[in-house]
Amino acid sequence: MKLNPDCVRDILLYCEENCTMAQGVDFIPGNSLTVDERTYDWDELSYHLRQCDLSGYFYKATRDMYGEYFILDISPSAHEFLANVRQQGNWIKVKSIAEKVGSISLSALSSIAVQVVSAAIKSTIGLP
């Protein structure tokens, strides 16, 4: 399956919004996730949950033998990634640059996001 960056971002946004100090989130086999009119079926969702976990974007994630994922929270690196791509305009720029350079990996997206935000900061404060 190809990596869908929108699915990764939507999973992280969902977890960030719904995880609390007292409660994590469950992703149950057969269920889907809908965020901003985008719906991800279980196959796509479970694949991207695993990719997020393998990339260190979850803090204390477990998967049981039935395929259910329980996410206690997201990691600091996930929070940083979301801070850089939360604004839709930044996210569109990040995806556009990633497509132009031909790399849609999570590490490339994260690096590009840092550069997009850095460029925005420089432009805002008038640096060259």
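Not measured: the values here are computed from a predicted model. Worth knowing before you read on, the calculation uses all heavy atoms, side chains too, and leaves out hydrogens, waters and symmetry mates.
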Check: Ser32 side chain, Thr39 main-chain N or O, donor-acceptor pair, under 3.5 Å: no

Same apolar cluster: Tyr59 and Leu49, side chain cutoff 4.5 Å: no

Partner of Leu109 under side chain to side chain contact (heavy atoms under 4.5 Å, CB included), chosen from Val94, Val8, Asn84, Ile97: Val94

Electrostatic pair Arg38:Asp10 at N-O distance under 4.0 angstrom: yes

Connected via hydrophobic side-chain network under 4.5 Å: Val35 and Tyr47: no

ring-ring contact (aromatic ring centres under 6.0 Å, His included) between Tyr14 and Tyr40, worked out: CA-CA 13 Å; Tyr14 179 83; Tyr40 307 102; over 10 Å; no

Test log, rule side chain to side chain contact (heavy atoms under 4.5 Å, CB included), inputs Ile74 and Leu82: CA-CA 10 Å; Ile74 62 174; Leu82 286 176; 3.9 Å; yes

Donor-acceptor under 3.5 Å (His48 side chain, Ile11 main chain): no

salt_bridge(Arg63, Asp53) N-O dist < 4.0 Å: no

From CA spacing to verdict: side-chain hydrogen bond (donor to acceptor under 3.5 Å, both in side chains), Asp26, Tyr69: CA-CA 6 Å; Asp26 282 308; Tyr69 279 89; over 6 Å; no

Output field: ring centroids Phe70/Phe58 closer than 6.0 Å: no

Candidates Val85, Ile92, Asn90 - the one meeting side chain to side chain contact (heavy atoms under 4.5 Å, CB included) with Gln88: Ile92

Flag if over 12 foreign heavy atoms under 6.0 Å of CE, Met1: yes

